[in-house]
Amino acid sequence: MVLSGCAIIVRGQPRGGPPPERQINLSNIRAGALARRAAQGQPESKDTPDEPWAFQAREFLRKKLIGKEVCFTVEYKNMHREYGMVYLGKDTTGENIAESLVSEGLATVRREGFRGNNPEQARLCDLEDQSKASKKGLWSEGGGAQTIRNIKYTIENPRNFVDSLHQKPINAIIEHVRDGSVVRALLLPDYYLVTVMLSGVKCPTFKREADGTETPEPFAAEARFFTESRLLQRDVQIILESCPNQIILGTILHPNGNITELLLKEGFARCVDWSMAVYTQGAEKLRAAERSAKERKVRIWKDYVAPTANLDQKDRQFVAKVMQVVNADAMVVKLNSGEYKTIHLSSIRPPRNEGEEKNKDKDKRFRPLYDIPYMFEAREFLRKKLIGKKVRTTESHTNTPCVNQNEYLLSALVSKGLATVIRYRQDDDQRSSHYDELLAAEARAIKNGKGLHSKKEVPIHRVADISGETQKAKQFLPFLQRAGRSEAVVEYVFSGSRLKLYMPKETCLITFLLAGIECPRSSRNTPGGMQVAEPFSDEAMLFTKELVLQREVEVEVESMDKAGNFIGWLHIEGVNLSVALVENALSKVHFTAERSAYYKTLVAAEEGCRQRKEKIWANYEEKPVEEVVHLSEEKERVANYKPVYVTEITDTLHFYAQDVETGSQLESLMETMRAEIAAQPPVEGSYSPRRGDYCIAKFADGEWYRARVEKVESPAKVHVFYIDYGNREVVSSTRLAPIPPAFSTRTLPVQATEYTFAFIQVPQDEDARADVVDCVVRDIQNTQCLLNVEYSGATCPHVTIQFGDTKEDVGLGLVKEGLVMVDVRKEKHLQKMVTEYLNSQESAKSARLNIWRYGDFRADDADEFGYSR
């Protein structure tokens with residue numbers, strides 16, 4: 001260490017501990033005194049500034065000597081001080097430091113007591129005379145006032161000072177090492193003298209006793225020597241990272257390495273959680289360094305005993321599917337083996353109710369999910385991210401799910417202020433492997449005032465639970481019926497067909513029963529005792545849970561029962577849950593389904609399961625149906641053509657048509673609606689579209705039409721279906737508005753009905769299909785035709801359609817021209833029509849028209865040609 005321009009401290013090589021130190025004062029010269037801070041506790045004392053060129057002299061020696069090997073001779077001792085000459089190198093042939101100082105004008109020669117027979121003194125005097133002649137250093141003009149530092153010993157607002165540096169590295173000199181992890185640094189170029197504690201670590205310290213003496217903790221002296229030997233009076237860069245409670249935390253960067261990591265690796269320090277969160281150089285490196293020291297049991301870890309692992313390696317990691325999010329720190333997952341398992345997320349604590357609030361509203365039923373602040377937001381965050389997703393889980397004493405290996409959800413949860421991080425004892429290693437990321441995320445949440453750390457009023461969720469409330473349910477029923485399809489979240493599954501739903505738009509909870517089916521009943525308590533569960537009731541409940549629990553669904557409410565439970569249809573990603581249960585032989589069709597649009601689909605699904613004798617149909621015995629067969633054989637085709645107006649034809653050869661009889665009503669409604677809109681134009685951008693909503697949309701012609709929202713990609717991309725014309729369009733939400741009640745589908749039902757051609761099979765080849773569509777568009781789009789329903793299909797009726805003037809069959813004409821193939825039907829009453837179509841197909845094949853131009857391609861089963869039977 002260099003104390004001043006004429007005094008240094010040297011130490012020998014370490015042998016089993018810090019070596020002894022000696023102070024050497026350069027004889028025969030004098031350098032300026034460095035600045036000194038006023039003594040603490042003495043108000044009359046004042047700060048003493050640098051003498052001119054004093055700091056430059058110190059810096060000259062520091063840069064030349066620190067960390068270098070020197071040789072010194074002691075000439076005399078005075079008041080416990082040793083005076084002598086110092087040479088750079090191993091012997092006295094090296095550079096004489098005193099002479100270098102004098103020649104640079106950074107020190108003066110002590111001429112008092114000068115003896116002419118002393119050659120060393122004589123040489124110093126000669127060098128001083130040369131320096132004066134050259135006007136170097138002290139002998140330069142101006143007196144050296146510009147060399148006096150303006151040292152700032154205190155900082156008025158340390159937090160603002162640290163924040164103003166934006167965690168950028170700044171140059172500094174380490175002036176003092178208090179212990180292995182606390183130093184005093186001079187920040188350049190503004191000369192701030194600050195105490196810096198290393199972020200993320202703590203070394204053994206020196207305890208000050210009552211009598212003023214210091215007692216070192218084990219390895220405290222060694223840790224301080226370790227830091228001193230590498231940093232003291234070295235040029236370094238410091239990143240000031242945080243300032244909690246007036247303590248400046250930082251990281252010291254040296255060209256030879258990071259002292260923080262080195263202290264940990266050599267067992268001189270341990271990681272501390274409270275400051276690890278602000279460490280900017282990668283907390284995982286510090287944990288790894290500490291782990292290495294523990295494994296080698298060096299220094300402070302010499303008595304360390306690793307916790308015993310209680311899980312096999314193969315059980316520590318597994319992939320599972322998230323089935324339910326219980327709250328912000330627990331979830332139920334399904335393993336690949338089919339087993340269900342509850343896992344708890346490590347090192348985080350979900351929102352909790354404070355003690356004062358627990359005693360409020362004792363009469364009110366406490367619902368943690370909605371009544372604990374931020375519990376609902378935390379659950380929803382995880383639900384939307386994880387439900388139905390595969391996660392990789394690492395398990396020790398706790399579990400930490402990680403999605404796609406790139407997105408650590410718990411850090412995001414904590415950074416949004418929706419959970420807090422658990423604090424552990426310093427010697428407790430049973431924590432998340434991402435613990436430092438969680439601490440950093442929590443620090444960001446606190447700094448930004450997010451969620452639980454916000455000083456704003458906590459969010460209140462006023463959720464009305466109308467399950468079993470008959471009167472409330474009756475009042476609410478008309479709103480749900482008018483809404484058509486409403487969005488909901490399945491909160492609980494009581495059985496295969498009984499669920500509890502959360503309606504976000506209406507902010508209420510309802511009990512929902514699936515319409516049109518009869519599901520096996522689960523076991524339940526009754527006044528007469530426990531009712532035994534029906535066969536396959538558990539399987540039905542499990543099927544429903546896996547498909548819809550905590551998923552976003554759409555519901556159509558039709559009615560309610562005497563207990564205040566709503567009855568209707570539930571859809572998830574285009575799947576009708578009632579139909580899905582019937583298709584999987586877990587439910588039967590109820591007679592009430594006859595009135596619904598899903599009846600035929602339900603019956604068809606049930607018939608298939610019944611024939612295969614699956615699950616609930618395992619013991620089914622088919623009854624004789626001779627009489628029914630006899631009646632069906634005598635049934636004849638009914639030709640009841642009605643006039644329609646074809647408005648749209650799709651690429652799959654489906655088409656939309658309006659009933660001519662109601663056409664005048666549609667025209668009248670459109671005129672009245674447009675007049676009302678012209679009188680009271682909607683406010684552009686005020687409407688927020690949601691899937692399934694009925695609205696009005698401005699078409700390319702500038703006119704408004706009734707429409708239904710099919711999909712919302714963004715405010716600029718909303719997919720709509722024009723319900724009276726059958727065409728679709730992607731529009732901006734600024735071209736949409738709520739439909740006036742007087743013009744809703746209750747006033748006039750949807751006018752465009754979807755149909756497809758009977759007895760026709762469209763080619764799979766894209767070019768051939770395009771030819772057919774072009775031909776049909778040219779012939780019948782925007783014209784009046786005659787239509788007859790021949791039989792039902794999975795999505796729409798199959799019909800024959802005739803030209804309005806010639807009464808010729810359009811579909812038969814397509815067959816005759818060789819544009820399509822015949823779809824052969826087996827029904828007896830349709831055989832006459834099928835025969836006519838087949839004869840026309842044979843004629844087209846003989847003439848090799850269009851798709852038959854290369855003969856009957858079907859004989860070769862040539863899928864590569866793009867056709868199929």
Kindly compute the distance separating [atom1] ([X]) from [atom2] ([Y]), expressed to the nearest 0.5 Å.
X: Ile696; Y: Glu676; atom1: CD1; atom2: CD; result: 9.0 Å
X: Leu666; Y: Gln658; atom1: CG; atom2: CD; result: 5.5 Å
X: Tyr722; Y: Arg708; atom1: OH; atom2: CZ; result: 13.0 Å
X: Ser497; Y: Leu570; atom1: OG; atom2: CG; result: 11.5 Å
X: Tyr599; Y: Phe591; atom1: OH; atom2: CZ; result: 11.5 Å
X: Ile739; Y: Asp693; atom1: CD1; atom2: CG; result: 11.0 Å

Is the count of non-hydrogen atoms from other residues, nucleotides or ligands lying under 6.0 Å from [X] atom [atom1] greater than 12?
X: Lys500; atom1: NZ; result: yes
X: Phe479; atom1: CZ; result: no
X: Glu457; atom1: CD; result: no
X: Glu546; atom1: CD; result: yes

| Under the 6.0 Å and 45° cation-pi test, does Arg462 pair with Tyr370? | no
Are [X] and [Y] close enough that their ring centres sit under 6.0 Å apart?
X: Phe721; Y: Tyr656; result: yes
X: Phe494; Y: Tyr492; result: yes
X: Phe743; Y: Tyr694; result: no
X: His571; Y: Tyr598; result: yes

On a heavy-atom basis, which atom in [X] and which in [Y] lie closest, and how many Å separate them?
X: Leu547; Y: Ile572; answer: O-CD1, 3.1 Å
X: Lys600; Y: Ser792; answer: NZ-OG, 2.7 Å
X: Trp569; Y: Gly516; answer: CH2-CA, 3.9 Å
X: Ala328; Y: Leu413; answer: O-CD2, 3.8 Å
X: Thr470; Y: Met560; answer: O-CE, 4.1 Å
X: Val582; Y: Cys609; answer: O-SG, 3.2 Å

Do [X] side-chain atoms and [Y] backbone N/O form a donor-acceptor pair below 3.5 Å?
X: Ser733; Y: Ser688; value: no
X: Ser668; Y: Ser664; value: no
X: Thr734; Y: Glu684; value: no
X: Ser744; Y: Pro741; value: yes
X: Ser486; Y: Ala483; value: no
X: Ser587; Y: Glu518; value: yes
X: His590; Y: Thr592; value: yes
X: Thr806; Y: Phe803; value: no

So, do [X] and [Y] sit near enough that their side-chain heavy atoms are less than 4.5 Å apart?
X: Val762; Y: Phe757; value: no
X: Glu703; Y: Arg674; value: yes
X: Phe566; Y: Leu501; value: no
X: Tyr837; Y: Asp809; value: yes
X: Trp617; Y: Glu606; value: yes
X: Val709; Y: Cys695; value: yes
X: Arg706; Y: Leu669; value: yes
X: Val810; Y: Cys785; value: no

| message | Go through it in stages, so that I can follow the logic: the residues are Thr647 and Gln751, the test is side chain to side chain contact (heavy atoms under 4.5 Å, CB included), and I'd like the CA-CA distance, side-chain angles, deciding distance and then a yes or no. | response | CA-CA 10 Å; Thr647 58; Gln751 290 297 289; over 6 Å; no
| field | Electrostatic pair Glu607-Arg610, nearest N-O below 4.0 angstrom | value | yes
| query | Salt bridge between Arg383 and Glu552, side-chain N to carboxylate O under 4.0 Å? | reply | yes
| message | Side chains of Glu827 and Tyr791: any donor to acceptor distance under 3.5 Å? | response | no
| The single option from Thr756, Leu787, Leu786 passing side chain to side chain contact (heavy atoms under 4.5 Å, CB included) against Val799 | Leu787
| request: Could you check Ile780, Leu819, Val820 and say which one makes a side chain to side chain contact (heavy atoms under 4.5 Å, CB included) with Cys775? | output: Leu819
| field | Verdict with supporting geometry, Lys615 and Leu586, side chain to side chain contact (heavy atoms under 4.5 Å, CB included) | value | CA-CA 7 Å; Lys615 297 174 185 175; Leu586 293 171; 3.8 Å; yes
| task | Sort out for me which residue in Arg728, His719, Arg691 forms a side-chain hydrogen bond (donor to acceptor under 3.5 Å, both in side chains) with Glu710. | result | Arg728
| Chi angles and distances behind the side-chain hydrogen bond (donor to acceptor under 3.5 Å, both in side chains) call for Glu754, Thr795 | CA-CA 9 Å; Glu754 184 180 6; Thr795 58; 5.1 Å; no
| said: Is there a side chain to side chain contact (heavy atoms under 4.5 Å, CB included) between Ile760 and Val772? Walk through the geometry before answering. | reply: CA-CA 11 Å; Ile760 277 181; Val772 181; over 6 Å; no
| task | Apply side chain to side chain contact (heavy atoms under 4.5 Å, CB included) to Leu581 and Phe543, showing your working. | result | CA-CA 8 Å; Leu581 283 164; Phe543 177 85; 3.5 Å; yes
| task | Sorted by first residue and then second, give each salt bridge (Lys or Arg N to Asp or Glu O under 4.0 Å) pair with at least one member in residues 473-496; sequence neighbours left out. | result | Arg379-Glu491, Arg485-Glu554, Arg485-Glu556, Glu487-Arg690
| Residue pairs fulfilling salt bridge (Lys or Arg N to Asp or Glu O under 4.0 Å) with at least one residue in residues 790-808, sequence neighbours excluded | Arg637-Glu790
| said: For a salt bridge (charged side-chain N to carboxylate O under 4.0 Å, His left out) check, start with the C-alpha distance between Arg551 and Glu573, then their side-chain angles and the critical distance, and finish with the verdict. | reply: CA-CA 10 Å; Arg551 309 291 182 91; Glu573 297 177 354; 5.3 Å; no
